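This report refers to the structure that appears directly beneath it.
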Amino acid sequence: MAVTIKTPEEISKMRVAGRLASEVLDYIAPFVCAGVTTGEIDRLCHDYMVGVQQCVPAPLNYAPRGHAPYPKSICTSINHQVCHGVPGDKKLKNGDILNIDITTIKDGYHGDTSRMFTIGETSIQARRLCENTFLAMWRGIRAVRPGAHLGDIGHAIQSMVEAQGYSVVREFCGHGIGKQFHEEPQVLHYGKPGSGLKLEAGMVFTIEPMINAGKAAIKQLGDGWTIVTSDHSLSAQWEHTVAVTATGYEVLTLSAGSPPPPPF
Ligand code: MF3
Ligand code: CO
Ligand code: CO
């Protein structure tokens with residue numbers, strides 16, 4: 001399927017789905033602390049999405065090619081887990097870093113966003129990784145405008161994080177999003193300026209860099225979903241869903257609790 005251009009009506013619906021996804025993160029933030037299990041966080045988010053927001057948690061039973069259906073409603077990736085961590089009985093503990101990734105479906109359209117959370121007192125290195133990954137996501141977002149290329153986004157992210165000694169995960173990337181969870185194009189978080197697809201107003205995609213404190217290599221766990229760093233180094237990720245506008249970009253996954261964009 002080719003890259004679709006969304007109409008203003010479709011983007012209005014995606015703004016709603018995106019805000020709801022971000023509001024799930026606002027809702028869950030006070031519960032994210034030592035002693036809570038990721039399974040409990042999943043249950044709270046599920047009930048909030050279904051019961052309060054009346055939207056569908058897109059991950060639940062999501063089954064892309066080659067995968068068993070995803071068993072939970074959100075993804076929770078702790079410490080050296082890169083992405084797609086499956087919520088379970090493990091309790092969060094002091095010093096952990098946690099990514100919570102929420103994807104809603106409302107009125108037929110998807111909104112996809114994730115944030116990092118720190119549990120209690122985290123190491124300076126862990127906090128720096130989370131902060132720099134947030135900045136890297138925003139560098140990618142700020143490269144979005146009509147006439148720019150996907151490679152400009154990847155380059156903005158890669159050049160910043162590699163200068164800090166981190167590495168960019170290659171096997172997973174941002175993605176077009178709309179009626180489908182994962183649409184074309186693939187939005188790589190590395191690349192060369194001026195390369196790749198030329199952006200046009202009405203395109204909607206995610207930017208969701210996964211940044212490792214150590215080497216870029218990853219592997220999948222036996223559960224068929226959870227991705228971890230091969231060297232067990234810490235990994236962080238932030239995600240927004242972004243629309244290309246006539247003059248630049250609009251972030252669709254914002255809410256009252258979104259961390260403010262960094263100053264230029
Ligand atoms: N939300 C993830 C993304 O940003 C995808 C999760 S797929 C799942 O693309 F099945 F693991 F939930
Ligand atoms: Co995504
Ligand atoms: Co996501």
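This is a predicted model, so every value here is computed, not measured. Indexing begins at 1, ligand by ligand and atom by atom, following the structure's order.
Listed by first and then second residue, the ring pair (Phe, Tyr, Trp, His ring centres under 6.0 Å) pairs that reach into residues 184-207 come to none, sequence neighbours excluded. Among residue pairs with one or both ends in residues 216-259, those qualifying as ring pair (Phe, Tyr, Trp, His ring centres under 6.0 Å) are H67-W225, Y70-W225, H80-H232, F134-W238, W138-H240; sequence neighbours excluded.
Between H84 and ligand 1, not a single N/O pair is under 3.5 Å apart. Looking at H175 next to ligand 1, an N or O pair under 3.5 Å apart turns up. Inclusion of Y62 in the set of residues having an N or O under 3.5 Å from an N or O of ligand 1 is not warranted.
Excluding waters, the protein N/O/S atoms found under 2.8 Å from the Co ion (ligand 2) are D112 OD2, H175 NE2, E208 OE2, E239 OE2.
If you number the atoms of ligand 1 from 1 as listed, the ones under 4.0 Å from a heavy atom of D112 come out as 1 (N), 3 (C), 4 (O), 9 (O). Atom numbering of ligand 1 starts at 1 in the shown order; those under 4.0 Å from a heavy atom of W225 are 8 (C), 10 (F), 11 (F). Of all atoms in ligand 1, numbered sequentially from 1 with element shown, those under 4.0 Å from a heavy atom of E208 are 3 (C), 4 (O), 9 (O). Under a 4.0 Å criterion applied to the non-hydrogen atoms of E239, ligand 1 contributes the atoms 4 (O). Using a 4.0 Å cut-off to heavy atoms of P59, the atoms of ligand 1 that qualify are 12 (F).
At the shortest separation from atom 5 (C) of ligand 1 among protein heavy atoms lies F181 CZ, 3.6 Å. Among protein heavy atoms, atom 2 (C) of ligand 1 sits closest to D101 OD2, 3.4 Å. In terms of protein heavy-atom proximity, atom 9 (O) of ligand 1 is closest to H182 NE2, 2.8 Å.
Within the 4.5 Å cutoff, no side-chain heavy atoms of P87 are placed close to those of R43. Residues I11 and L252 are in side-chain contact: their nearest non-hydrogen atoms beyond the backbone lie under 4.5 Å apart.
With hydrogens and angles disregarded, no donor-acceptor distance shorter than 3.5 Å links the side chain of Q81 to the backbone of V228. The backbone N or O of T247 lies less than 3.5 Å from no partner atom in the side chain of R145, so there is not a single donor-acceptor pair. Of the possible donor and acceptor atoms, none in the side chain of K6 sits under 3.5 Å from a partner among the backbone N and O of S12. For K106 (side chain) and Q53 (main-chain N/O), a donor-acceptor pair under 3.5 Å exists by modelled atom type. R142 places no side-chain N or O within 3.5 Å of a backbone atom of M137 that could act as its donor or acceptor partner.
Remark: S114 pairs with N99 by the side-chain hydrogen bond (donor to acceptor under 3.5 Å, both in side chains) rule, at least two apart or across chains.
In C75, the part holding a heavy atom less than 4.0 Å from any atom of ligand 1 is the side chain. The proximity of T206 to ligand 1, defined as any non-hydrogen pair under 4.0 Å, does not occur for either the backbone or the side chain.
Proximity of K72 to ligand 1 is not established, as no heavy-atom distance is less than 4.0 Å. For T103, the closest heavy-atom approach to ligand 1 falls below 4.0 Å. Put simply, no part of F172 is less than 4.0 Å from ligand 1, judged by heavy atoms.
Within a 6.0 Å radius of CD in E250, other residues, nucleotides and ligands contribute more than 12 heavy atoms.
When the options T206, I207, V251, L254 are evaluated for a side-chain contact (heavy atoms from CB on, under 4.5 Å) with T241, the one that passes is T206. For the pairing with I28, the side-chain contact (heavy atoms from CB on, under 4.5 Å) check across I102, D42, I74, I41 returns one residue only, I41.
For the residue pair S123 and R128, no side-chain donor N or O sits within less than 3.5 Å of a side-chain acceptor on the partner.
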